[in-house]
Amino acid sequence: MKESFKVELWSIWLSGLVLIGLSLYATQRLPLHNKDHSRITISNLNNNVASDSTGLRITIFTAPKPFKGSTGTKQSLAIQSWLALSPNVGVVLFSKDPSVASFSGAFGSRVLVDTNIDFTFLGTPFLHSMIARSHSFTSDIYVIVDPETVILSGFISTLNHAYELDHDWLLVASSQNVSHFPFHLDNSGKHWLLDNGEHVKIHEIQKMLQQNWQGNQCYTSMIIAWNNNDAPLHNGVLPPFLYNKGIHNNWLIHEAMSSEFRFVFDATLTITSFHLNGDQDIENREWEYIGNSHLGAHYGSFFFSEANYSSIPKLFKSYKQYIILDTDKNIVYPIGHNRKLNLWKENIFSSWLEKNTMHCIACLKSQIIRILDCSLKGQMKTSEPLEIPFSLESLLSISADETKTIVLTTAGFSYKDMLMSWVCRLRKLSIKNFIVCALDQETYQFSILQGIPVFKDPLAPSNISFDDCHFGTKCFQRVTKVKSRMVLKILKLGYNVLLSDVDTYWFKNPLPLLQSFGPAVLAAQSDEFNKKGPINLPRRLNSGFYYAHSDGQTIAAMEKVVRHAQTSSLSEQPSFYDMLCGTGGSNRVDDNRCVESETNMTVYFLDRDLFPNGAYQDLWQKKNVSAACLKKGCFIIHNNWISGRLKKLERQVMSGLWEYDSGTRMCLQSWHTIKP
C-alpha cells in the first residue's frame with residue numbers, strides 16, 4: 001500500500017509544475033459572470049444575517065445527512081440551536097439532498113444550501129472542498145460544526161474575545177457526547193423547553209446533562225473556527241478527507257500546530273456544546289474511514305509525530321475575565337475587551353490574578369493532564385486494504401439511470417488527472433450514471449480516494465501504470481481491448497452503455513440524443529478528418545466514443561468485435577470497423593451508416609459538427625475552442641489526433657477545457673482560485 005502511495009506522490013510531484021501552471025491558466029478562462037453570481041449569493045446571506053452586535057460577521061458551515069428519522073430530528077435541533085445563539089448567525093449547509101433544501105426553506109435567508117463542492121458518488125462531502133468553499137464567503141469568522149452538535153452558550157462571547165487577539169488563530173472546542181437530550185426549542189426558536197413543555201434555563205440544561213456526560217476528549221466531534229485573514233490554516237495541502245469519517249480533525253489540529261501559521265487554542269471550557277450520539281450507520285461505509293486513515297498516514301507529519309494535545313493552550317473564564325492558559329510554558333494571558341494582546345511576549349500577569357483564579361488554574365492543569373489522551377495511532381486503519389465493497393453488478397445497480405444506461409470509461413495511472421477532469425465535468429453537468437474501470441491498482445485506489453464509482457478489471461494487462469499509453473503504442477493496443485470486453489460484459493448484464501474515453505470533453509449531455517436511435521443501432525463517433533465526403537470510410541469508426549443498446553443484435557455484433565480484437569495484433573479500433581462495416585467498407589450504406597450482415601445491426605456515424613474528433617476543422621487550433629464548438633452545437637469534442645500524453649494534456653488545459661486542480665485534488669468550481 002505504501003509503495004502505491006509513494007508512486008502516486010512521486011508522479012504528482014513530477015508533473016506538478018506543469019499541471020499547476022496549466023490549471024492556473026485554465027482557471028483564468030472560467031466565465032467571470034459565474035464567479036460574480038457566487039459572490040452575490042454570499043453577499044446576500046451575510047448582509048442579512050452574518051454580523052454580530054460587535055460588527056463581526058460569523059458564518060457556520062456543516063454538511064448534514066438527509067433530514068430523515070432520528071438523524072433528521074437531531075440535526076434540526078442542532079441547527080436551530082446555532083440560530084438561537086444570535087439573530088446575526090448565518091448557516092451554510094453543504095448538501096445535494098432535497099430534504100436539506102426543504103429544511104432550509106423554513107429559515108429564509110439565515111440558512112443557505114450550497115451544492116458547489118465535491119461529493120463522492122454516494123453523496124459524502126469532502127472536507128478540503130468545504131473549507132476551500134467557505135473562504136469564498138465574506139465573513140470575519142468561519143466555523144465548521146458537526147451537524148448533530150447542539151451549542152448552548154459561550155459561543156458568541158468566545159468568538160468576540162478571540163477576535164481581539166493580534167495574531168491569526170484557529171480555535172477548537174470539543175463537544176460532550178450525550179445519548180439522551182430531552183430538550184427542544186419553542187416555536188420562536190429562542191427558548192428551551194423540556195419534553196413536557198416547561199421552560200428550562202440553559203444553566204439548568206448544563207447541570208442535568210453534565211451529571212452523566214460521556215467525555216469526548218479526542219476532538220472527534222468538535223467546533224473549528226478561525227478568523228478571516230491571509231494566513232493558511234496549515235502548511236502544505238489538505239488531503240481529500242471525507243467529512244465526518246474520522247482522523248481529519250486531529251490531523252488538522254496537528255498540522256496547524258506544527259506549521260505555526262496560526263495560534264491554536266482550545267475553547268472547550270468556554271463553549272458549552274453537546275454532540276447528540278447518532279444511530280450507527282447501517283450502510284457498509286468502513287472503507288471511508290480506512291481511506292481517511294491512509295490519507296492521514298501519507299500526508300503531512302501527523303502519522304510520524306502526533307501532537308501532544310494536552311499542550312494546546314486552553315481558553316477559560318474566571319470572574320468575567322477570559323484567560324488563555326499555556327500549560328506547556330506555564331504562562332497565562334488575559335484577553336481584555338478594549339485592548340489587544342501580544343501573544344508572543346511571555347509576560348505573566350500575576351498582579352491581577354486573585355487567589356481564586358490561581359486555584360482555578362491549578363485545578364484546570366490537573367484535569368487537562370488527566371483527561372486529554374488523544375493518540376489516534378492505535379485507531380489508524382492503514383494496515384487494512386483500501387477497497388470499496390462493490391462488485392461491477394452492484395455499482396451498475398447504484399449508478400445506472402432510470403433507463404438502465406451507464407457511462408463507462410477506463411483509465412490507467414498515467415491518465416489519472418485527465419480522468420479527474422472528465423469526472424469533474426460530468427459532475428458539473430449533473431451526470432451521475434457513470435462508472436470507471438481501473439486498469440491498475442494505483443488508479444483504483446486513487447479513484448476511491450476521489451469518491452469515484454470504480455471497479456478493477458481482473459484481466460487488464462499488467463505493467464501499464466507508467467507507460468505513455470498513447471495512440472500507436474503497444475500499451476495502447478493492449479488497453480483498448482479492455483474497453484470492448486467490458487462494454488460487452490455490461491451489455492449482457494442488461495445495461496445500455498455509452499463508452500467515452502477520458503480525453504473527450506463534454507459540453508452537454510449527449511444521452512437523450514443517443515438513446516433516441518433505439519435498439520439494434522450502435523452510434524459511434526467518426527474519425528474522418530476530411531471536411532467533406534463520406535464519414536464512414538474504412539477504419540474511420542472511433543472506438544473511444546460510442547453508444548450501444550442492450551439487445552440481442554447489438555450483443556451478438558459486439559461479440560464478433562471482441563473475438564476479432566483478441567486475435568489481432570492491432571488495437572480494437574480496426575476490429576470495430578472490419579467486423580461491423582466489413583473489410584474495406586463492404587457493409588457501408590450511404591455516407592454515414594453500415595449494416596452488419598449477420599446480426600442486421602446498424603452502425604450510425606455521428607454528425608461531426610455535434611461530435612467532432614481531434615482533427616475535424618482544426619477546432620483545437622481555434623483561439624477559443626469552447627466558443628467555436630458551442631457555435632456548432634457540439635455535445636463533445638475528442639482530444640485525439642495528437643501524439644503523446646503530455647501534448648494531449650497541454651492542448652486540453654491551455655484551451656480552457658479543463659475541470660480539475662491536481663494540486664488541491666479538487667474539481668474546479670466557479671468560486672475556485674489557484675495560487676501557484
Side-chain angles (χ1 to χ4, degrees), residues 1 4-5 7-9 11-13 15-16 19-20 23 63 94 96 115-133 237-248 251 285 287-299 385-390 395 398-399 407-456 465 500 502 649 658-669 672 674:
M1 176 60 64
S4 65
F5 269 85
V7 167
E8 179 182 334
L9 293 173
S11 176
I12 292 173
W13 178 86
S15 58
L19 285 173
I20 290 174
S23 294
F94 294 117
K96 292 185 176 181
T115 63
N116 296 315
I117 64 166
D118 291 347
F119 297 86
T120 70
F121 74 102
L122 294 178
T124 305
F126 284 94
L127 177 67
H128 69 327
S129 188
M130 290 172 59
I131 291 179
R133 174 56 167 156
V237 175
L238 180 61
F241 287 120
L242 298 183
Y243 180 63
N244 259 351
K245 301 299 180 180
I247 303 299
H248 57 67
W251 188 95
R285 297 291 188 86
W287 55 275
E288 294 184 319
Y289 295 87
I290 294 173
N292 274 10
S293 290
H294 283 280
L295 289 169
H298 291 90
Y299 279 79
L386 180 58
E387 56 188 24
I388 56 176
F390 300 114
L395 274 182
I398 293 170
S399 303
V407 181
L408 172 69
T409 196
T410 62
F413 194 66
S414 59
Y415 275 81
K416 69 183 184 305
D417 295 310
M418 192 162 280
L419 164 67
M420 278 309 304
S421 181
W422 183 87
V423 167
C424 292
R425 184 58 185 170
L426 264 62
R427 288 175 177 172
K428 188 171 289 187
L429 293 174
S430 299
I431 298 172
K432 302 177 182 178
N433 58 322
F434 66 88
I435 59 175
V436 173
C437 176
L439 299 174
D440 48 61
Q441 181 69 10
E442 293 84 1
T443 305
Y444 177 71
Q445 294 176 349
F446 174 83
S447 299
I448 290 174
L449 295 175
Q450 293 284 177
I452 298 173
V454 62
F455 67 98
K456 285 185 295 185
S465 296
S500 174
V502 296
L649 183 66
W658 190 256
E659 305 289 344
Y660 177 64
D661 174 22
S662 63
T664 61
R665 282 195 172 189
M666 280 187 278
C667 293
L668 294 173
Q669 307 280 356
H672 198 98
I674 301 173

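From a predicted model like this one, the values you see are computed outputs, not experimental measurements. Just so you know, residue 1 is the first one in the sequence shown, and it goes up from there.
Side-chain atoms of P453 and F434, non-hydrogen and from C-beta on, do get closer than 4.5 Å to each other. When side chains are defined from C-beta on, L386 counts as touching L449, because their heavy atoms get closer than 4.5 Å.
Note that CD1 of I452 is 11.0 Å distant from CG of L426, once rounded to the nearest 0.5 Å. Distance CD/Q450 to NZ/K416: 10.0 Å, rounded to 0.5 Å. Between the CD1 atom of I435 and the CD1 atom of I398 there is a distance of 10.5 Å, given to the nearest 0.5 Å. To the nearest 0.5 Å, the span separating CD1 on I388 from CG on L395 amounts to 5.0 Å. Of the inter-residue distances, the one linking I448 atom CD1 with F121 atom CZ reads 9.0 Å to the nearest 0.5 angstrom. Interatomic distance, F390 CZ to W287 CH2, rounded to the nearest 0.5 Å: 6.0 Å.
For T409, there are no side-chain hydrogen bond (donor to acceptor under 3.5 Å, both in side chains) partners two or more places apart in sequence or in a different chain. Residues satisfying the disulfide bond (SG atoms under 2.5 Å apart) criterion with C667, sequence neighbours excluded, are C424. The salt bridge (Lys or Arg N to Asp or Glu O under 4.0 Å) search around R427 returns none, not counting sequence neighbours. Residues passing the side-chain contact (heavy atoms from CB on, under 4.5 Å) test with T124 are T120, L242, K245, R285, E288, sequence neighbours excluded. K96 is linked by a side-chain contact (heavy atoms from CB on, under 4.5 Å) to T115, F119, counting only residues two or more places apart in sequence or in another chain.
K456 pairs with exactly one of Q441, Q445, E387 by the side-chain hydrogen bond (donor to acceptor under 3.5 Å, both in side chains) rule, that one being Q441.
Heavy-atom minimum distance, G246 versus N292: O-ND2, 2.9 Å. M666 approaches D118 most closely through the heavy-atom pair CA-OD2, 3.4 Å. Annotation for S293 and I247: closest pair OG-CG1, 3.9 Å, computed over non-hydrogen atoms. Here the closest heavy-atom approach between residue L439 and residue G412 is recorded as CD1-N, 3.9 Å. The two residues Y415 and V502 make their nearest non-hydrogen contact at CD2-CG2, 4.3 Å. Summarising the geometry of L295 relative to P240, their closest heavy-atom pair is CD1-O, 3.4 Å, with the distance given to 0.1 Å.
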Could you go through the side chain to side chain contact (heavy atoms under 4.5 Å, CB included) check for T443 and V454 one step at a time?
-> CA-CA 9 Å; T443 305; V454 62; 5.9 Å; no
Evaluate the side chain to side chain contact (heavy atoms under 4.5 Å, CB included) criterion for residues R425 and I431: first the C-alpha distance (whole Å), next the side-chain angles of each, then the deciding distance (0.1 Å), finally the verdict.
-> CA-CA 9 Å; R425 184 58 185 170; I431 298 172; over 6 Å; no
Working for side chain to side chain contact (heavy atoms under 4.5 Å, CB included), residues L238 and Y299 | CA-CA 8 Å; L238 180 61; Y299 279 79; over 6 Å; no
Show your working on side chain to side chain contact (heavy atoms under 4.5 Å, CB included) between Q669 and I117 and close with a plain yes or no.
-> CA-CA 8 Å; Q669 307 280 356; I117 64 166; 5.5 Å; no
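Note on ring orientation: taking the six-membered ring where Trp is involved, the planes of F126 and H128 are perpendicular (angle over 60°, cut-offs 30° and 60°). Ring geometry for H248 versus Y243: interplanar angle under 30°, hence parallel rather than tilted (30 to 60°).
Between the side chain of W251 and the main chain of F241, no donor-acceptor pair closer than 3.5 Å is present. Formation of a donor-acceptor pair under 3.5 Å by the D440 side chain with backbone atoms of F413 is found in this model. Without hydrogens or angle criteria, S421 side chain to D417 main chain gives no donor-acceptor distance under 3.5 Å.
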